[in-house]
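Order of the sequence lines sets the chain letters (A, B, ...), proteins ahead of strands, with each chain counted from 1. Atom set for the values below is all heavy atoms of this structure, side chains included, hydrogens, waters and symmetry mates excluded.
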Number of protein chains: 2
Amino acid sequence: MKLSKTEEELMNHLWGLKKAFMKDLLEEYAEPKPAATTISTLLKRMADKKFVGYETKGNMREYYPLVSKDSYFSNHINGLIKNFFNDSPGQFASFFTKKTDLSSAELEELKALIEKQLDQKK
Amino acid sequence: MKLSKTEEELMNHLWGLKKAFMKDLLEEYAEPKPAATTISTLLKRMADKKFVGYETKGNMREYYPLVSKDSYFSNHINGLIKNFFNDSPGQFASFFTKKTDLSSAELEELKALIEKQLDQKK
DNA sequence: AAACTTATTCTACATTTGTAGAAGGTAATA
DNA sequence: TATTACCTTCTACAAATGTAGAATAAGTTT
């Protein structure tokens, strides 16, 4: 099961807030905000799909993610890589660094990260 | 406008072949292959969306991509980055290298690539 | 207790997506 | 030229998606 595009957007807000009432989530949206019922519908669908859980507090619910952003993304990206880059993360990585505009600072940071990973491999 | 998941899959085959008749595309699929009409429907929708063009040859068409895989992906990835990583490619990159399992060789390659990019920035 | 606020569920509906049969066209072939 | 092989378009339809009004429920305030 997967989230749709708009559900992903909402999920992302929820990841940011960690825990939130419907009202809080609605606030995250830029104008023009969607109708509150729209958010509710999405939350219900996401709860049905087991992507969010909630605790009932009075007449409302405090929602929280049931999957971490990290694990959600690993799948997501791996699917992408599988589909478009012959299942080769390396191919994807090189495409990525070539096609996105990273600043020098970001490149340095990334380089350091890679060196650290190389170290750990030994 | 965007391609749907299945359209993307078909597009990916087309990128691989560069030019192809419906028959050729159908062959790319693993068993159980979809119905030929299904592929035709998708091709028509993709043509309507201006993602593929074609040359008529007799009673059939030779299809070809109207957008390169590279540019399609830049958008795709940038959307992803915008949505989930605060619009920060660096954040995404570090997430990526941490979460995917790159081999030492791939890491080395990536490091070299980054160094080259750093050089060019000067 | 009445009125108000706010959230949730039900219902609804237009679009998009995934699939494919039926019908109709052209080129090659028997 | 009748048949065969393919292809494309038309039509269809179920499921998923994007949105949101109406109805309902439960605290909150007056």
Side-chain angles (χ1 to χ4, degrees), chain A residues 1-14 17 19-66 72 75-76 79-80 83-84, chain B residues 1-14 17 19-66 72 75-76 79-80 83-84:
Chain A
M1 197 80 73
K2 235 195 103 351
L3 295 175
S4 77
K5 212 68 193 140
T6 33
E7 287 169 341
E8 269 184 6
E9 190 185 358
L10 181 51
M11 193 67 183
N12 202 36
H13 289 312
L14 187 54
L17 299 176
K19 260 174 168 285
F21 293 96
M22 194 271 267
K23 175 234 294 270
D24 307 319
L25 290 165
L26 186 55
E27 262 167 30
E28 295 289 300
Y29 285 78
E31 297 299 343
K33 293 185 196 304
T37 50
T38 299
I39 303 300
S40 282
T41 303
L42 293 176
L43 284 170
K44 184 167 177 33
R45 288 177 183 168
M46 288 155 81
D48 288 348
K49 295 186 195 172
K50 306 292 182 200
F51 278 90
V52 310
Y54 55 80
E55 270 174 50
T56 306
K57 301 245 173 133
N59 66 334
M60 52 192 129
R61 298 170 176 179
E62 191 164 32
Y63 294 92
Y64 52 85
L66 288 181
Y72 184 78
N75 287 342
H76 202 297
L80 199 85
N83 262 317
F84 291 89
Chain B
M1 196 78 75
K2 235 196 103 349
L3 295 176
S4 76
K5 213 68 194 140
T6 33
E7 287 169 342
E8 270 184 6
E9 190 185 357
L10 180 51
M11 194 67 183
N12 202 37
H13 289 312
L14 188 55
L17 298 176
K19 262 174 168 283
F21 293 96
M22 194 272 266
K23 175 231 296 267
D24 307 320
L25 290 165
L26 186 54
E27 262 166 30
E28 295 289 300
Y29 285 78
E31 295 301 342
K33 294 185 196 305
T37 49
T38 299
I39 302 300
S40 282
T41 303
L42 293 176
L43 284 170
K44 183 168 176 35
R45 288 178 183 168
M46 288 155 81
D48 289 347
K49 295 185 194 172
K50 306 290 182 203
F51 278 89
V52 310
Y54 55 82
E55 271 175 48
T56 306
K57 302 246 171 130
N59 65 334
M60 51 192 132
R61 299 170 175 179
E62 191 163 32
Y63 294 93
Y64 53 85
L66 288 181
Y72 183 78
N75 287 343
H76 202 297
L80 200 86
N83 263 316
F84 291 89

Which residues satisfy the ring-ring contact (aromatic ring centres under 6.0 Å, His included) test with Y64(B), sequence neighbours excluded?
-> none
Here the distance between atom C1' of dT19(D) and atom CD of E7(A), to the nearest Å, is 13 Å
All side chain to side chain contact (heavy atoms under 4.5 Å, CB included) counterparts of K23(B), not counting sequence neighbours = E27(B)
Compare all side-chain heavy atoms of L10(B) with those of V52(B) and state whether any distance is below 4.5 angstrom.
-> no
From CE of M60(A) across to P of dT9(C) the rounded distance in Å is 14 Å
From CG of D48(B) across to P of dT8(D) the rounded distance in Å is 14 Å
Distance test, side-chain N/O of T6(A) to OP1/OP2 of dT17(D), below 4.0 Å | no
Listed by chain and number, what are the side-chain hydrogen bond (donor to acceptor under 3.5 Å, both in side chains) partners of H76(A), not counting sequence neighbours?
-> E8(A)
Results of ring-ring contact (aromatic ring centres under 6.0 Å, His included) for Y54(A) - residues two or more places apart only = Y63(A)
When the distance from CD1 of I39(A) to C1' of dG21(D) is rounded to whole Å, what number comes out?
-> 16 Å
Compare every heavy atom of P65(B) with every heavy atom of L14(B), then report the nearest pair and how far apart it is.
-> CD2-N, 3.8 Å
Is there a side-chain contact between L25(A) and L43(A), using heavy atoms and a 4.5 Å cut-off?
-> yes
Pull out every protein N or O sitting under 3.5 Å from an N or O of nucleotides 9-12 of chain D, one pair per line with the distance.
unit_1: dT9(D); atom_1: OP1; unit_2: R61(B); atom_2: NH1; d: 3.1
unit_1: dT9(D); atom_1: OP1; unit_2: R61(B); atom_2: NH2; d: 2.7

Protein-to-nucleotide contact annotation, 5' to 3' order, nucleotides 24-30 of chain C [B base; S sugar-phosphate only; - none; under 4.0 Å, heavy atom] = -BBS---
Rounded to the nearest angstrom, tell me the gap between atom NZ in K57(A) and atom P in dT28(D).
-> 13 Å
For DNA chain C, the residues among residues 19-34 of chain B that have a non-hydrogen atom under 4.0 Å from it = P34(B)
Judged by nearest nucleotide, the residue sitting upstream toward the 5' end of DNA chain D, A35(A) or K2(A), is K2(A)
Rounded to whole Å, the CE-C1' distance (M46(B) to dT8(D)) equals 16 Å
Once you round it to whole Å, what is the distance between C1' of dG18(D) and CE of M11(A)?
-> 19 Å
Please identify each residue that fulfils side-chain hydrogen bond (donor to acceptor under 3.5 Å, both in side chains) with E28(A), with sequence neighbours left out.
-> none
Scan for salt bridge (charged side-chain N to carboxylate O under 4.0 Å, His left out) pairs involving residues 43-52 of chain B, sequence neighbours excluded, and state none if there are none.
-> E7(B)-K49(B), K44(B)-D48(B)
Which part of the nucleic acid does K49(B) contact within heavy-atom distance under 4.0 Å: base, sugar-phosphate only, or nothing?
-> sugar-phosphate
Any side-chain N or O of S4(B) less than 4.0 Å from the OP1 or OP2 oxygen of dT16(C)?
-> no
With sequence neighbours left out, what residues match D24(B) under side chain to side chain contact (heavy atoms under 4.5 Å, CB included)?
-> L17(B), A20(B), F21(B)
Minimal non-hydrogen separation, P34(A) against L26(A), with atom names | O-CD1, 3.4 Å
Partners of E62(B) by side-chain hydrogen bond (donor to acceptor under 3.5 Å, both in side chains), sequence neighbours excluded?
-> K57(B)
Measure the distance from CG on L42(A) to C1' on dT17(D) and round it to the nearest whole Å.
-> 9 Å
